[in-house]
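Shown next, in structure tokens, is the structure this report addresses.
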Number of protein chains: 2
Amino acid sequence: MQKGKEEICEIAYIDRKKVSSVKKKMKPEATMQRLAETFKVLGDPTRTKIIFALSQEELCVCDIANLLGATKSAVSHQLRILRNMRLVKYRKEGKMVFYSLDDDHITNLFSECLRHVEEDD
Amino acid sequence: MQKGKEEICEIAYIDRKKVSSVKKKMKPEATMQRLAETFKVLGDPTRTKIIFALSQEELCVCDIANLLGATKSAVSHQLRILRNMRLVKYRKEGKMVFYSLDDDHITNLFSECLRHVEEDD
DNA sequence: AAAATGATTGAACACTTATTCAACTATAAT
DNA sequence: ATTATAGTTGAATAAGTGTTCAATCATTTT
């Protein structure tokens, strides 16, 4: 490390064998990005609650807003994000739009994470 | 909605029965917050990769930095966040600090999310 | 046709956050 | 002791994000 700036780590101490072994097992960059993005979408309290609510019942925007104590606008913005990630689907009925979960995996993800969060330390 | 501002949704159309039924099933606010926070921590590409790497092997900071193509500093900052969330633990050996996963649940969460991400549309 | 309502949207704002840089600590080697 | 190195830390910066507000769309009702 002679250079002024801190370079991408090239120090003598790295265990090259271990590193290359792990490197092989790493998923492709694109997969990692999607993994991170999925977690990120679930990682906002409003969206977390929306998804949890929808795992119980199909609901319209207004119901969700009422349930969370949020404005329709805020909920709608978040629903758009969930829609883009294909986590929720919707059904129009007159003026109203009913949302529901589009993916069973997410429910499993939630139960698994809940188990983690609810376990006593 | 006579008021000028858009109030917390109190529209006539809400299905009160449905809403209160779901409300009962909702987890406490604190649980929701922790759920969201957990997902959020997993929802950054750098941290996602760190956790995935540590699920394969115990690694020192320098190895992780090398593996991800990031600086030690950036990795160290993220490791602190993971430490605070009790997702990783560490072990000192001379100058080096070896990190490993502190929680088995996380591995399950990852496989579940990977299954979701890797499935064909 | 006009009014009302559920829902969506874009812009603005405040807030958060990840990385970089530089300084620093602690341990090991010379 | 001095030097080198693994790692941590705080401040600064740039990028991203969630909510609010106002305007708008679409459908229904009068």
Side-chain angles (χ1 to χ4, degrees), chain A residues 1-15 19 33 36-37 39-50 58-85 88 90-99, chain B residues 1-15 19 33 36-37 39-50 58-85 88 90-99:
Chain A
M1 197 111 54
Q2 252 77 302
K3 312 250 193 77
K5 292 187 178 185
E6 183 180 20
E7 297 279 302
I8 300 314
C9 187
E10 286 215 33
I11 284 91
Y13 269 79
I14 42 167
D15 187 333
V19 168
Q33 290 294 336
E37 205 180 346
F39 281 127
K40 190 168 166 186
V41 170
L42 303 176
D44 170 75
T46 303
R47 289 193 294 265
T48 309
K49 290 173 197 165
I50 290 176
E58 183 193 56
L59 294 166
C60 68
V61 177
C62 200
D63 282 345
I64 299 172
N66 184 271
L67 197 58
L68 306 195
T71 62
K72 278 181 298 180
S73 177
V75 170
S76 190
H77 277 297
Q78 299 306 335
L79 281 170
R80 184 165 51 89
I81 294 173
L82 296 173
R83 241 162 37 219
N84 290 344
M85 289 290 289
V88 302
Y90 64 96
R91 171 175 77 78
K92 289 193 73 172
E93 191 173 298
K95 287 186 287 190
M96 308 180 66
V97 181
F98 288 94
Y99 281 86
Chain B
M1 197 109 53
Q2 253 76 302
K3 312 251 194 77
K5 294 187 177 184
E6 183 180 20
E7 297 278 302
I8 301 314
C9 186
E10 286 215 33
I11 283 90
Y13 269 78
I14 42 165
D15 187 332
V19 168
Q33 290 295 336
E37 204 181 346
F39 280 128
K40 190 168 166 188
V41 169
L42 302 176
D44 169 76
T46 302
R47 290 193 292 265
T48 309
K49 290 173 197 165
I50 290 176
E58 182 194 57
L59 294 165
C60 67
V61 178
C62 200
D63 283 344
I64 298 171
N66 184 271
L67 198 59
L68 306 195
T71 62
K72 279 181 300 179
S73 178
V75 170
S76 189
H77 276 297
Q78 298 306 335
L79 281 169
R80 184 164 51 89
I81 294 173
L82 296 173
R83 241 163 36 219
N84 290 344
M85 289 289 290
V88 303
Y90 64 96
R91 170 177 77 78
K92 289 193 72 171
E93 192 175 306
K95 287 187 289 190
M96 308 178 67
V97 181
F98 288 94
Y99 282 86

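Below, chains carry the letters A, B, ... as their sequence lines are ordered, and counting in each starts from 1. Only a predicted model underlies this, so the values are computations on that prediction, with no experimental measurement involved.
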Separation of [X] atom [atom1] from [N] atom [atom2], in whole Å?
{"X": "A:Asp63", "N": "C:dT5", "atom1": "CG", "atom2": "P", "value": "17 Å"}
{"X": "A:Lys72", "N": "C:dT5", "atom1": "NZ", "atom2": "C1'", "value": "7 Å"}
{"X": "B:Met96", "N": "D:dA4", "atom1": "CE", "atom2": "C1'", "value": "14 Å"}
{"X": "A:Leu59", "N": "C:dG6", "atom1": "CG", "atom2": "C1'", "value": "15 Å"}
{"X": "B:Lys92", "N": "C:dT25", "atom1": "NZ", "atom2": "P", "value": "14 Å"}
{"X": "B:Leu42", "N": "C:dA18", "atom1": "CG", "atom2": "P", "value": "12 Å"}
{"X": "B:Lys49", "N": "C:dA18", "atom1": "NZ", "atom2": "C1'", "value": "13 Å"}
{"X": "B:Arg91", "N": "C:dT27", "atom1": "CZ", "atom2": "C1'", "value": "16 Å"}

Quick one: is [X] getting a side-chain N or O under 4.0 Å of the [N] phosphate, OP1 or OP2?
{"X": "A:Arg80", "N": "C:dA7", "result": "no"}
{"X": "A:Tyr99", "N": "C:dG6", "result": "no"}
{"X": "A:Tyr90", "N": "C:dG6", "result": "no"}

Salt bridge (charged side-chain N to carboxylate O under 4.0 Å, His left out) with [X]: which residues, sequence neighbours excluded?
{"X": "A:Arg91", "value": "A:Glu58, A:Glu93"}
{"X": "A:Glu37", "value": "none"}
{"X": "B:Arg80", "value": "none"}

Requested in this report: Confirm from the modelled atom types if B:Ser73 and D:dT8 form a donor-acceptor pair under 3.5 Å, side chain to base only.
Outcome: no

Polar atom pairs (N or O), protein with nucleotides 13-19 of chain D, under 3.5 Å:
residue : atom : partner : partner atom : Å
D:dT17  : OP1  : A:Lys40 : NZ           : 2.7
D:dG18  : OP1  : A:Arg47 : NH1          : 3.1
D:dG18  : OP1  : A:Arg47 : NH2          : 2.8
D:dG18  : OP2  : A:Arg47 : NH1          : 3.4
D:dT19  : OP1  : A:Thr46 : OG1          : 2.6
D:dT19  : OP2  : A:Gln78 : NE2          : 2.8

Q.
Holding to side chain to side chain contact (heavy atoms under 4.5 Å, CB included), I want the full list of residues that pass it with B:Val19, two or more places apart in sequence or in another chain.
A.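 Result, side chain to side chain contact (heavy atoms under 4.5 Å, CB included) vs B:Val19: A:Asp63, A:Asn66, A:Leu67.
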
Using side chain to side chain contact (heavy atoms under 4.5 Å, CB included) as the criterion, list what pairs up with A:Ser76, not counting sequence neighbours.
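Scan of A:Ser76 (side chain to side chain contact (heavy atoms under 4.5 Å, CB included), adjacent residues dropped) gives none.
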
With B:Gln78 as reference, evaluate B:Val88, B:Thr46, B:Val41 under the side chain to side chain contact (heavy atoms under 4.5 Å, CB included) test and give the passing residue.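 The side chain to side chain contact (heavy atoms under 4.5 Å, CB included) with B:Gln78 is passed solely by B:Thr46 among B:Val88, B:Thr46, B:Val41.
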
>> Quick check for you: among D:dG7, C:dA7, D:dT28, whose closest atom lies nearest to any side-chain atom of A:Lys95?
In response: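 Per side-chain heavy atoms of A:Lys95, the pick is D:dT28.
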
Are any non-hydrogen side-chain atoms of B:Asp44 and B:Ile81 less than 4.5 angstrom apart? no

